[in-house]
Amino acid sequence: VSQSRYKPWFTSGAIDFISNELKKSDTVIEFGGGMSSIWWADRCKFTLTVEANHAWAVKILNEFSKYPEALSRWSLKFVPSDWNPTSDQPKKYWKDNQNHLTPDSIESLNLRYLSIDFDPTVIVIDGSIRPMNIESVDQYLKNNGSVRLIIVDNMETLSEHTLDKFKGFKRTDFHETVKELIPVHQNGRWCTSVWVKKK
């Protein structure tokens with residue numbers, strides 16, 4: 001899979017840095033999928049994408065079907081906790097169907113979305129419920145030593161949530177400097193941060 005459109009929606013400096021850090025033996029859990037899912041699966045031993053938006057999940061599945069060699073190293077976990085940052089702000093589907101959600105079902109969805117049931121070496125946070133995701137990954141790291149890379153996108157809005165998190169890792173921020181590459185809705189600011197486990 002060499003098409004350039006299959007790449008993470010991260011800042012360009014972060015993509016270059018991650019590309020140099022990745023190993024073929026890496027196993028990835030990606031919270032929030034997209035064309036990046038194909039990029040990870042093409043480069044790593046195994047990638048699990050956790051996706052909250054059903055339409056986006058279908059789109060990723062359809063795109064993956066063109067690349068059996070990448071598809072054989074990938075899996076999708078769909079959990080429809082499609083809100084950001086909390087269920088008080090559901091995205092379109094749950095905004096239209098909010099009467100079907102209860103506090104118990106919301107909690108259950110969030111817990112299913114956040115669970116990690118294998119030993120990834122790379123964790124990507126780029127999807128729903130990111131503040132909770134950062135917290136749960138920080139807790140996961142306390143009992144699991146396999147992780148060597150953590151990537152958090154949109155740190156221009158999430159930085160406060162990562163304070164004192166991911167101890168034992170060195171953080172590097174990659175701010176996008178090419179204005180044309182910054183999504184319009186981000187008001188001229190875009191930062192992807194990468195944590196590398198200290199030797």
Side-chain angles (χ1 to χ4, degrees), residues 8-11 14-15 18 28-37 40 47-60 76-117 120 122-144 147 149-167 169 171-176 181-195:
W9 201 0
F10 300 153
T11 57
I15 294 172
I18 295 162
V28 181
I29 186 163
E30 174 194 38
F31 293 97
M35 299 307 100
S36 59
S37 306
W40 291 111
T47 300
L48 173 66
T49 298
V50 184
E51 181 52 50
N53 181 287
H54 67 285
W56 199 234
V58 169
K59 188 173 181 175
I60 299 167
L76 175 67
K77 176 179 165 184
F78 172 66
V79 185
S81 52
D82 200 13
W83 36 76
N84 197 27
T86 67
S87 56
D88 295 337
Q89 293 174 283
K91 294 190 179 169
K92 183 171 178 2
Y93 180 84
W94 286 120
K95 200 177 280 181
D96 296 344
N97 296 281
Q98 210 159 8
N99 57 318
H100 294 279
L101 289 171
T102 65
D104 283 349
S105 66
I106 289 165
E107 184 181 9
S108 173
L109 287 170
N110 284 344
L111 287 173
R112 277 168 37 212
Y113 183 92
L114 296 169
S115 73
I116 301 174
D117 51 15
V122 179
I123 297 178
V124 184
I125 299 175
D126 192 22
S128 295
I129 58 174
R130 291 188 211 187
M132 292 169 83
N133 209 174
I134 289 165
E135 184 64 46
S136 71
V137 166
D138 188 57
Q139 291 303 313
Y140 175 83
L141 293 173
K142 290 173 179 165
N143 300 308
N144 296 274
V147 180
L149 281 182
I150 304 162
I151 298 116
V152 180
D153 193 33
N154 298 114
M155 280 290 287
E156 70 281 355
T157 59
L158 291 166
S159 197
E160 64 181 287
H161 298 286
T162 64
L163 294 175
D164 301 320
K165 298 288 189 288
F166 313 150
K167 286 186 169 57
F169 287 74
R171 170 180 160 184
T172 307
D173 296 336
F174 297 90
H175 297 272
E176 189 53 69
L181 295 178
I182 301 174
V184 176
H185 65 275
Q186 289 179 207
N187 303 316
R189 294 164 63 232
W190 187 14
C191 178
T192 305
S193 296
V194 182
W195 284 259

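Residue numbers count from 1 along this sequence.
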Kindly indicate whether the side chain of Ser193, heavy atoms from C-beta on, has any atom under 4.5 Å from the side chain of Phe166. no
Would you indicate whether the side-chain heavy atoms of Asp126 and Ile151 approach each other to under 4.5 Å? no
Considering non-hydrogen atoms only, spot the tightest contact between Ile29 and Phe31 and give its length. CD1-CZ, 3.7 Å
Check whether any side-chain heavy atom of Leu158 sits under 4.5 Å from a side-chain heavy atom of Pro131, and report yes or no. yes
Side chain to side chain, Trp195 and Ile123, heavy atoms closer than 4.5 Å: no
Name the atoms and distances for all side-chain donor-acceptor pairs under 3.5 Å in residues 99-116, with sequence neighbours left out.
residue: Thr102; atom: OG1; partner: Asp104; partner atom: N; Å: 3.4
residue: Thr102; atom: OG1; partner: Ser105; partner atom: N; Å: 3.0
residue: Thr102; atom: OG1; partner: Ser105; partner atom: OG; Å: 3.2
residue: Ser105; atom: OG; partner: Thr102; partner atom: N; Å: 2.8
residue: Ser105; atom: OG; partner: Thr102; partner atom: O; Å: 3.0
residue: Asn110; atom: OD1; partner: Trp83; partner atom: NE1; Å: 3.1
residue: Tyr113; atom: OH; partner: Ser128; partner atom: N; Å: 3.1
residue: Ser115; atom: OG; partner: Lys77; partner atom: NZ; Å: 2.8
residue: Ser115; atom: OG; partner: Arg112; partner atom: O; Å: 3.2

Report yes if some heavy atom in the side chain of Arg130 is under 4.5 Å from a heavy atom in the side chain of Thr157; otherwise report no. no
For Gly33, is there any backbone N or O sitting under 3.5 Å from a side-chain donor or acceptor partner on Glu51? yes
Are the side chain of Thr192 and the backbone of Thr11 linked by a donor-acceptor contact shorter than 3.5 Å? yes
Pro183 vs Glu176 side-chain heavy atoms within contact, under 4.5 Å: no
Side-chain heavy-atom pair Asn53, Tyr93 within 4.5 angstrom cut-off: no
Rounded at 0.5 Å granularity, tell me how far CD in Gln89 sits from CG in Asn84. 7.5 Å
Quick one about Ser37 and Glu30 (side-chain donor to acceptor, distance below 3.5 Å, no hydrogens or angles considered), yes or no? yes
Polar side-chain atom of Trp40 near backbone of Thr49 as donor-acceptor pair, under 3.5 Å: no
Ala52 and Asp82 have their tightest heavy-atom pair at O-CB, 3.5 Å
Step-by-step side-chain contact (heavy atoms from CB on, under 4.5 Å) determination, Gln139 to Asn143: CA-CA 8 Å; Gln139 291 303 313; Asn143 300 308; over 6 Å; no
Assess whether atom NZ of Lys91 is packed by more than 12 heavy atoms of other residues, nucleotides or ligands within 6.0 Å. yes
Side-chain donor-acceptor pair present, Gln186, Asn154, cut-off under 3.5 Å: yes
Would you please say whether a donor-acceptor pair under 3.5 Å links the side chains of Glu135 and Asn133? no
Quick one: CD1 on Ile129 to CD1 on Ile134, what's the gap to the nearest 0.5 Å? 11.0 Å
Any side-chain heavy-atom pair of Phe10 and Val124 under 4.5 Å: yes
Stepwise side-chain contact (heavy atoms from CB on, under 4.5 Å) check, Val152 with His161: CA-CA 11 Å; Val152 180; His161 298 286; over 6 Å; no
Minimum heavy-atom separation for Cys191 and Asp153, please, with both atom names. O-OD1, 3.7 Å
Rounded distance [0.5 Å steps], CG in Asp173 versus CE in Met155: 5.5 Å
Roughly how far apart are Asp88 CG and Gln98 CD, rounded to 0.5 Å? 8.5 Å
